[in-house]
Visitor: 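Before anything else, here's the structure in question.
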Amino acid sequence: MHTPCDTDILLVTHPKVGTTWTKAILFALKNRMHYPDLQEHPLLTNIPHDLVPLLEGDIYTKKKVLDLDPAFPRLISTHLPYALLPTSVKDSTCKIVYVYRNPKNTFVSLWHFQNRLYPTTNSLEEAFDKFCRGMNPFGSYWDHVLSCWKESIQNPGRKMLFLKYEEMKEQTTTYLKRIVEFLDCPFSLEEEAKGTMNDISRLCSFDNLSNLDVNKSGKRHLPDHSAAYFHQGNTGDWVNFLTPKMAEKLDHIIEEKFHGTGLKL
Ligand code: A3P
């Protein structure tokens, strides 16, 4: 079995907050010395989920053996909330990258995803009611975010980086710099001059990834599964789906849950 290494990098996300995109970004940034030719990059022929294994899926359930040298940082992802991570992971000093997203966009994205893969899913209203009651595959969205956020406050020595999807979309290269600094592999002056961050930003962009054959037609577990991870990649889709009353209800829940925590969703 795999045991956590202090050098591991763990991406922790609630589903639909931009996991696929962040997997691509982390993979491209961390391995940029191995793949200098972006025309031959593994992201062009592999869905990001096949490059960054899921702890509870690929590693635990499917017993996938990581062919990564533990001497080098291994990149692993999980949808488990921080509180439910194995003690061995919590006790390690691995770096944690946590991505969160506007809850209205997260909900709408989840609804589209479920509808596309399981077309008999509930109506928007029923799905919204479940989301508000925290009935999601990995528990309530707000508890998921707060679980990691509270750990970062209580344990300031824990190496955690919080990234918000909407902010990353707005200023991708700024966030790429922030990520490489967090991972202790900052861009060199030469890379800055060459524009490596712009190249990686383009490589991982929605337009690029969503148009690749591997992501358009890959099957994974279900037909249409790969393409379902690339829906629209926008930051304000919720206005087209939620009524003002629904938006108000979600705002109220968020206000109540996040009041005084210092985190703004
Ligand atoms: P939308 O449904 O709002 O379009 P996850 O990867 O956690 O399942 O999140 C999926 C969301 O991320 C979807 O949002 C999807 O379109 C968006 N996404 C996927 N790839 C992306 C990329 N390269 N850049 C930005 N957003 C991306």
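All values reported here derive from a predicted model rather than from experimental measurement. All ligand and atom numbering here is 1-based and tracks the order in the structure.
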Visitor: Can you tell me which residue and heavy atom of the protein come closest to atom 15 (C) of ligand 1, and the distance to 0.1 Å?
Guide: Tyr229 O, 3.3 Å
Visitor: Testing the basics here: between Leu212 and Leu44, what is the closest heavy-atom pair and its distance to 0.1 Å?
Guide: CD1-CA, 3.8 Å
Visitor: Check ligand 1 against Ser205 and write out every atom of the ligand that is under 4.0 Å from a heavy-atom position of the residue.
Guide: 23 (N)
Visitor: Run down the list Trp238, Trp111, Phe107, Phe206 and name the one with the heavy atom closest to atom 27 (C) of ligand 1.
Guide: Phe206
Visitor: Going by the ring-ring contact (aromatic ring centres under 6.0 Å, His included) test, name the single residue among Tyr100, Phe138, Tyr98 that passes it with His144.
Guide: Tyr98
Visitor: Kindly confirm or rule out an N or O of Gly233 lying under 3.5 angstrom from an N or O of ligand 1.
Guide: yes
Visitor: Looking only at heavy atoms of Phe113, does any of them come nearer than 4.0 Å to an atom of ligand 1?
Guide: no
Visitor: Any salt bridge linking Glu151 with Lys90? Criterion: basic side-chain nitrogen under 4.0 Å from a carboxylate oxygen.
Guide: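 Salt bridge flag = no for Lys90 with Glu151.
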Visitor: Considering Gln232, Lys16, Arg101, His112, which one's heavy-atom position lies nearest to atom 14 (O) of ligand 1?
Guide: Arg101
Visitor: What I want to find out is whether Asp237 reaches Lys104 closely enough, with some N-O distance under 4.0 Å, to be called a salt bridge.
Guide: no
Visitor: Of the protein's non-hydrogen atoms, which lies at the shortest distance from atom 1 (P) of ligand 1, and what is that distance?
Guide: Ser109 OG, 3.4 Å
Visitor: Using the six-membered ring of Phe113, assess whether NZ or CZ of Arg116 lies under 6.0 Å from its centre and within 45 degrees of the ring axis.
Guide: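 Negative - Arg116 is either too far from the ring of Phe113 or too far off its axis.
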Visitor: For ligand 1, which atoms have a heavy atom of Phe230 less than 4.0 angstrom away?
Guide: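 Atoms satisfying the 4.0 Å criterion: 16 (O), 19 (C), 20 (N).
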Visitor: With only distance considered, is Cys204 within less than 3.5 Å of ligand 1 through an N or O on each side?
Guide: yes
Visitor: Starting from atom 6 (O) of ligand 1, which protein heavy atom do you reach first, and at what distance in Å?
Guide: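 Checked against all protein heavy atoms, atom 6 (O) of ligand 1 sits closest to Thr20 OG1, 2.5 Å.
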Visitor: Checking Ser109 against His231: is there a side-chain donor and acceptor pair closer than 3.5 Å?
Guide: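 Side-chain D/A pair, His231 to Ser109: absent.
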Visitor: Would Lys23 count as a contact residue for ligand 1, given that I'm defining contact as a non-hydrogen atom of the residue lying under 4.0 Å from a ligand atom?
Guide: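 No, that is not the case, since the closest heavy atom of the residue is not under 4.0 Å from the ligand.
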Visitor: May I ask whether Val17 has any heavy atom positioned less than 4.0 angstrom from an atom of ligand 1?
Guide: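 So Val17 counts as touching ligand 1.
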Visitor: Taking only Lys NZ, Arg NE, NH1 and NH2, and the carboxylate oxygens of Asp or Glu, determine whether Lys95 and Asp184 approach each other closer than 4.0 Å.
Guide: yes
Visitor: How are the rings of His49 and Tyr229 set to each other: parallel, tilted or perpendicular (split at 30° and 60°)?
Guide: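 Correct class here is tilted.
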Visitor: State the atoms of ligand 1, each with its element, that fall below the 4.0 Å cut-off from a heavy-atom position in His231.
Guide: 1 (P), 2 (O), 4 (O), 15 (C), 16 (O)
Visitor: At what distance is the nearest protein heavy atom to atom 5 (P) of ligand 1, and which residue and atom is it?
Guide: Thr19 N, 3.4 Å
Visitor: Does the separation of the ring centres of Phe107 and Phe128 fall below 6.0 angstrom?
Guide: yes
Visitor: What protein heavy atom sits nearest atom 12 (O) of ligand 1, and how far off is it?
Guide: Gly18 CA, 3.9 Å
Visitor: Under 30°, 30 to 60°, or over 60°: which ring-plane class applies to Phe162 and Trp149, parallel, tilted or perpendicular?
Guide: perpendicular
Visitor: Between Tyr165 and ligand 1, is there a nitrogen or oxygen pair with a distance under 3.5 Å?
Guide: yes
